[in-house]
Amino acid sequence: MSEQTTPEVPAQPKNEPATAPRTESHDPAVPAAYSSFMRTGWGDRELDLPAHAVAPWAARRRERLAAAFPGERLVLPAGTYKVRSNDTDYRFRPDTAHTYFSGNQTSDAVLVLEADGSSVLYARPRSSRETDEFFRDRQYGELWAGRRPSLHEISSSLGLEVRHIDRLEADLGGSAPAKTRVHRGVSATVDGLLPGDAGLDRDLARVVSEMRLVKDEWEVGELQAACDATTLGFEDSVREWDNVLRYGERWIEGTFFRRARTMGNDIGYDSIVAGGKHATTLHWIENSGAITPGELVLLDMGVEGHNLYTADVTRTLPVDGTWTARQRELYDVVLAAQQAGIDAVRPGVPFTAAHEAAMSVLAHALDDMGLLPVTAEEALDPDSKVYARWTLHGTSHMLGMDVHDCGEAAPEAYAKGTLAEGMVLTVEPGLYFQEDDLLVPEELRGVGIRIEDDVLVTTDGSRNLSASLPRSADDIEAWMAARVPLRG
């Protein structure tokens, strides 16, 4: 980008609404003649878009949400851009609740469910040719950031009434119902427009989380597609093992990201690529280390699909493609714990059933290794849990549009609740022996193993959505042997 003269209009503050184009200090000046000329001679490209597949599902969700708060106005914003560094933003990702109930993924939009049960989506459409925005605005200008859909295009796609975002303030200030609830913390602009009751707003956040606990048929299909793409991403990584050994953890991170962007919207979370001792750091996302022969590498990665549903899968692999006797022994312990957790998943059992089943296996294995200061049964007592020194985390969390989905649900509906058909959760036990842990044999120090799959609760049990990736020690060896490039 060339450095030229100072623009006629100063740069606008980031993440704040502005009537003038958002420019930067190094942008060139725009003389009146240039501005006038740029506003002429453009054709109209408005499209009649086919209905989005989510539209009928989202409509039913809005009906259920309105029924939960009869006679009230509900406001769910999408959010706006966030600055990454100076004049660059992070890639926009809309708020989950907004998209769940509308299907919209454009920035700066606000979904309003009115007291009579009707819905209006307020959106920022494509740039008008009547202002300089389309060729000067770095955030919204079509020639800078790409073409945004028109109001008509959003409406025809999502089956919603869509109005210009500029009408939001006036419409909200009109004949307001007795109660208005806002999904807060998403849009500072919307929060400022509607000072409200914290208790009412928290209750809305709880309900929109709890409504997502049980996935509908369309959502299950989206999660399955995300898991299938994730499997391909793991396979891509192993097929590039020569470069993995040469360049280390970040080669896998980059390889998987390519698959996620090719088959989905993005990665669902920062990939964890943890070679050797890095696997004992639960959320190792620096991914700056080597992949060393003789060690293990823990890969926790997931593709986020085009409609924002994400997979969350972990495999631990032997870098050499074959296990040592000790590695296999430890891996089989974690695999047995995971299988016990998966076997425990079915409708009507506590959400914690998978965790308790997996931890029982791990605690007894740690006892067999002579590591526990008490018996396995004593260690499993909620008042003890000393076994958790080497397991660290819970075995499950809900999965959906967020990798840790439904986080604002009431404990009674989630962590202290029971599983129901249609819920999707992870099952992911692990063993982690820190490199400086003097209570374990030296040969175990710096070893971390986790196995994670995405499990759908079915009528009579469960279905593993990520089962296409091998889990057993033998199957992993065979899978790697068929994909790792031949050396020499």
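Any value given below was found using the heavy atoms of this structure, including those in side chains, with hydrogens, waters and symmetry copies removed. What you are looking at is a predicted structure, and each value in this text was computed from that prediction instead of being measured. Numbers for residues simply follow the sequence, beginning at 1.
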Show, in sequence, the C-alpha distance, side-chain angles and deciding distance for Asp437 and Arg389, and conclude whether the salt bridge (charged side-chain N to carboxylate O under 4.0 Å, His left out) test is met. CA-CA 10 Å; Asp437 189 343; Arg389 177 187 179 104; 2.9 Å; yes
Between [atom1] on residue [X] and [atom2] on residue [Y], distance to nearest 0.5 Å:
X: Leu399; Y: Glu452; atom1: CG; atom2: CD; answer: 8.0 Å
X: Asp191; Y: Asp201; atom1: CG; atom2: CG; answer: 8.0 Å
X: Met401; Y: Arg212; atom1: CE; atom2: CZ; answer: 7.0 Å
X: Met398; Y: Cys406; atom1: CE; atom2: SG; answer: 6.5 Å
X: Leu296; Y: Asp320; atom1: CG; atom2: CG; answer: 9.5 Å
X: His183; Y: Leu111; atom1: NE2; atom2: CG; answer: 12.0 Å

Under 6.0 Å between the ring centres of His393 and Tyr432? yes
Looking at Lys277 and Asp436, is any side-chain nitrogen of the basic one under 4.0 Å from a carboxylate oxygen of the acidic one?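 Result for this pair is no, no salt bridge flagged.
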Does Tyr309 use its side chain to pair, donor to acceptor, with the backbone of Glu304 at less than 3.5 Å? no
Which word best sums up how the rings of His52 and Trp218 line up, parallel for under 30°, tilted for 30 to 60°, or perpendicular for over 60°? perpendicular
Evaluate the criterion side-chain contact (heavy atoms from CB on, under 4.5 Å) for residue pair Ile272 and Leu282; output intermediate values, then yes/no. CA-CA 8 Å; Ile272 299 169; Leu282 299 183; over 6 Å; no
Side chain to side chain contact (heavy atoms under 4.5 Å, CB included) partner of Leu419, chosen from Val455, Val345, Leu213: Val345
Which atom names give the shortest non-hydrogen contact between [X] and [Y], and what distance separates them?
X: Trp479; Y: Phe234; answer: CH2-O, 4.0 Å
X: Val303; Y: Gly264; answer: CG1-CA, 4.3 Å
X: Trp390; Y: Leu439; answer: CZ2-CB, 4.3 Å
X: Ile451; Y: Arg315; answer: CG2-NH1, 3.9 Å

Residues [X] and [Y]: side-chain donor-acceptor under 3.5 angstrom:
X: Glu477; Y: Thr322; result: no
X: Arg239; Y: Thr255; result: no
X: Asp475; Y: Ser472; result: yes
X: Ser466; Y: Asp453; result: yes
X: Thr96; Y: Asp402; result: yes
X: His306; Y: Gln105; result: no

Sequence neighbours left out, what pairs pass salt bridge (charged side-chain N to carboxylate O under 4.0 Å, His left out) with at least one residue falling in residues 342-363?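 Every pair satisfying salt bridge (charged side-chain N to carboxylate O under 4.0 Å, His left out) with a residue in residues 342-363: there are none.
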side-chain contact (heavy atoms from CB on, under 4.5 Å) for Ser288 and Arg250? Distances and angles first, verdict last. CA-CA 6 Å; Ser288 60; Arg250 288 192 178 174; 3.9 Å; yes
With a 4.5 Å cut-off on side-chain heavy atoms, are Asp405 and Met423 touching?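 No; the side chains remain at least 4.5 Å from each other.
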Residues pairing under side chain to side chain donor-acceptor pair (under 3.5 Å) where one sits in residues 406-425, two or more places apart or in two chains, turn out to be Glu421-Thr459
Non-neighbouring partners of Arg202 that pass side-chain hydrogen bond (donor to acceptor under 3.5 Å, both in side chains), sequence neighbours left out: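 With neighbours one apart ignored, the set is empty.
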Glu63/Arg60 under salt bridge (charged side-chain N to carboxylate O under 4.0 Å, His left out): CA gap, chis, key distance, verdict: CA-CA 5 Å; Glu63 290 174 2; Arg60 287 192 285 271; over 6 Å; no
Report the C-alpha distance between Ser237 and Arg259 in whole Å, list the side-chain angles of each, state the deciding distance to 0.1 Å, and finish with yes or no for side-chain contact (heavy atoms from CB on, under 4.5 Å). CA-CA 10 Å; Ser237 301; Arg259 175 63 67 172; over 6 Å; no
I would like to know whether Arg93 and Asp266 meet salt bridge (charged side-chain N to carboxylate O under 4.0 Å, His left out); could you show each step before the answer? CA-CA 10 Å; Arg93 200 275 196 187; Asp266 210 321; over 6 Å; no
